[in-house]
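Report on the following structure.
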Number of protein chains: 2
Amino acid sequence: MGKDITIYDIAKEVGLSPTTISRALNDHPAVNLKTKQRVSEVAGQMGYRTNLFASNLRRQHTHTIGVIVPRLNSPFMSTVISGMEKAATEGGYNLIISQSLETLQKEQANAKTMFDSRVDGLLVSLSYETDDLHHFEPFISRGIPVIFYDRVAEHEQCTSIVIDNLQAAYKATSHLVEQGCTNIMHITGNLKRNVYSDRLKGYKYALIDNNLPYNEQNIIVNNLSEEAGEEAAQQILKMKKLPDGLFVSNDTCAVSCVKTLKQAGISVPADVAVIGFNNDPICRVIEPNLTSVNYPGSEMGELAVKALILRLNGSTEGIASNTINLRSELIIRESSLKSKVAGKKWGQLAPK
Amino acid sequence: MGKDITIYDIAKEVGLSPTTISRALNDHPAVNLKTKQRVSEVAGQMGYRTNLFASNLRRQHTHTIGVIVPRLNSPFMSTVISGMEKAATEGGYNLIISQSLETLQKEQANAKTMFDSRVDGLLVSLSYETDDLHHFEPFISRGIPVIFYDRVAEHEQCTSIVIDNLQAAYKATSHLVEQGCTNIMHITGNLKRNVYSDRLKGYKYALIDNNLPYNEQNIIVNNLSEEAGEEAAQQILKMKKLPDGLFVSNDTCAVSCVKTLKQAGISVPADVAVIGFNNDPICRVIEPNLTSVNYPGSEMGELAVKALILRLNGSTEGIASNTINLRSELIIRESSLKSKVAGKKWGQLAPK
DNA sequence: TCAAGCAATGAAACCGATTGCATATATTTG
DNA sequence: CAAATATATGCAATCGGTTTCATTGCTTGA
């Protein structure tokens, strides 16, 4: 439990003032090269480590980035965080992470904690409930950059990082139409969130552009959980006329739908073609394998951190402080292939 | 971008000294109740927030917990982290998280960063490669508590939080024996890590106790990834005599094995009964559903943080500063049920 | 030879909260 | 009523780097 070494201790040892030690350690140009070398050598020997509080206190920044996320334990979000951690470490920043558990109240509490912790910048993906952005005002009014990712909101001062959800949904829906679907349902999440409302729009426009009727009865809004998927499937099974296509806004829910439908004797994709969203690992486990939209989580996380660090380093340039779009892509698998793969599928189901 | 309010500003406003403001804000007993109320009222109005650097600098602690984890984006680990975040927030602590990506080198770098960030305590799950604990010495020698969870190591000064891997593996293997398996293989991870070596032991002892031969040829050690699972399955398919049981140390790998075996025309569980580990969501998606060991990730995370906070608050009691064991349980599903469920299974595969 | 210019270093203030010790007033006790 | 004890508050030092503004000693050019 030895005492910590400070620059004063080093100063005494080397026979210089703390000022010079500080400068030497920070590679200040006005310090003689030999002095720097000697200082860094002695510092190493003595086991010196800088006291970040003292430094932060004086410099008024923390080298810490705050992250507020709806849930940590989803395949997508943990991948995003993983990317963030990577970029943050590379850039010499620490990450403080908290989850809103999809409630506005916790999101506000988290924002407050982040504010008190004086993070240099904030990375936010909004909860289901969030419908105003007051709790981020303290940051914005003090010039602390806030960047939204994935679940974003419009704000004058904030950058958003997203995929083109509308386009992705448009492509997914169009693909179902190409497969011959004419009665396509859509299951999605809370429409307050851009990701879900944009996907709904993409779905809708694709129908309209293909001269198919858009019908509100064909929309189910739920929380996209496993249970919700089961319920949605039950609801679908009760319909007079079954849909022949189903576009679901995440994979967890889509998979749970498929399972329930299969148990009820419905064949996927022959009776109902299904597409999910996120391209989680389960897509390649469910039978039939699930067509899904590949979502670049890790890149999104990295990009968010990099964009933030760029801003913190003063580059008002570089990022037009607006919206950054990432590419996504439709990964086509059996679950949506009505025509050609029917044979293949039966072949698989009867291995002998 | 207004300047921050300090206790000096409040002092001026209320007409008291900064000392009293500080004490009032910290609910110090020597301050008059009315004064406290007035101070907290004015502080609220002025939008005061405490400067944690100044406070930390003076108090010499950070209210921050460091977490080093092999990977963030695994279902199990993200669940653990989720539990940690919950407990930390409740206890008024922040979490700084970094990942070692299974390399010793990154783990050491992470430890250094955590040390420089002066975390109050450290929560660690070891990387595959780690074989010495030098990089944690700086913490230990300064009395900063280090707690290992899941992937732990023996250390005089450190608490470990684990499940009884030996027992869990013993039960899993015994279950396979009960199902009539006599030639059981085991796929597991790097044996440096307790979780894998203990599971191997459990497997071994179960065989011995059931008078079955233990054979090193029946052990495959890999990194338990999806690809590794496929390779392992290929390797198994080339064997002269196929095993009739397979116990895999995680679900990702187990599922990938099952997929590959099925593609090769092997029936699970009829030909090979399979058990995984972790009880990830995919267990209930793969066909047949995978028997697995349920691993209380969220609880483990919560417990780790709570134990740490207890230690930080001086309770040398409470935790016998040794090993804490969590309960795990074998969740039996179709993939391991040779006998009774064969009929049920065929019923499912031929829905019509 | 001397003023100007530069390189290297230091003294002291500062960041904002905390705390040991001292002080001033109020209350109690003998 | 004086002494003893509480009660409430303030002074000033402290935590450990950072930074502004000198200062010192040399080199350089006229």
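Not measured: the values here are computed from a predicted model. Just so we're on the same page: letters track the sequence lines, and every chain starts at 1.
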base_contact_polar ([N] base, [X] side chain, donor-acceptor, <3.5 Å):
X: A/T20; N: C/dA8; result: no
X: B/T6; N: C/dC15; result: no
X: B/T19; N: C/dT19; result: yes
X: B/R23; N: D/dG10; result: yes
X: A/R59; N: D/dT18; result: no

Between [X] and [N], does any side-chain N or O lie under 4.0 Å from OP1 or OP2?
X: B/Y48; N: C/dA17; value: yes
X: B/Q60; N: C/dT18; value: no
X: A/N32; N: C/dA8; value: yes
X: B/S17; N: D/dG10; value: yes
X: B/T35; N: D/dT9; value: yes
X: B/N26; N: C/dA17; value: no

Report the distance from atom [atom1] of [X] to atom [atom2] of [N], rounded to the nearest whole Å.
X: A/N56; N: C/dG16; atom1: CG; atom2: P; answer: 13 Å
X: B/L16; N: D/dT9; atom1: CG; atom2: P; answer: 6 Å
X: A/D116; N: C/dA17; atom1: CG; atom2: P; answer: 12 Å
X: B/D27; N: C/dT19; atom1: CG; atom2: C1'; answer: 17 Å
X: A/R49; N: D/dC15; atom1: CZ; atom2: C1'; answer: 14 Å
X: A/I5; N: D/dC15; atom1: CD1; atom2: C1'; answer: 16 Å
X: B/L25; N: C/dA17; atom1: CG; atom2: P; answer: 9 Å

**Study point:** Proximity to the side chain of A/N51 - top-ranked nucleotide from D/dG17, D/dG10, C/dT18
**Key:**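 My answer, after comparing the listed nucleotides, is D/dG17.
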Exercise for review: Please state whether the rings of A/F115 and A/F139 are parallel, tilted or perpendicular, taking 30° and 60° as the class boundaries.
Suggested key: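 Taking A/F139 first and then A/F115, their aromatic rings stand perpendicular (interplane angle over 60°).
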Practice item. Hey, could you give me the NZ/CD1 distance between B/K306 and B/I147, rounded to the nearest 0.5 Å? Key: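 The distance works out to 13.0 Å.
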Exercise for review: State the OG-CD distance between A/S74 and A/Q99, to the nearest 0.5 angstrom.
Suggested key: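 A/S74 OG to A/Q99 CD: 10.5 Å, rounded to 0.5 Å.
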Check your understanding: Where each residue is assigned the nucleotide of DNA chain C containing its nearest heavy atom, which of A/R58 and B/T50 is assigned the position nearer the 5′ end?
Key ->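 In this pair, the answer is A/R58.
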Exercise for review: Using heavy atoms to find the nearest nucleotide of DNA chain C for B/S22 and A/I21 separately, return the residue whose nucleotide is more 5′.
Suggested key: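 Here A/I21 is the residue nearer the 5' end.
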Check your understanding: Are any non-hydrogen side-chain atoms of A/E129 and A/Q105 less than 4.5 angstrom apart?
Key ->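 With C-beta onward as the side chain, the pair stays apart.
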Practice item. Kindly confirm or rule out a cation-pi arrangement of B/R151 over B/Y128, judged by NZ or CZ under 6.0 Å from the six-membered ring centre and within 45° of its axis? Key: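 Satisfied, under 6.0 Å and within 45°.
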Exercise for review: Nearest-nucleotide wise, let me know which of B/G15 and B/L57 is further upstream toward the 5' end of DNA chain D.
Suggested key: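 By nearest-heavy-atom nucleotide position, the 5'-most residue is B/G15.
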Exercise for review: Identify, between B/A54 and B/L33, the residue whose nearest nucleotide on DNA chain D lies closer to the 5' end.
Suggested key: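 Its nucleotide being nearer the 5' end, the pick is B/L33.
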Check your understanding: Minimum heavy-atom separation for A/A153 to A/S160, with atom names?
Key ->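 Looking at all heavy atoms of both residues, the closest pair is O-OG, 3.7 Å.
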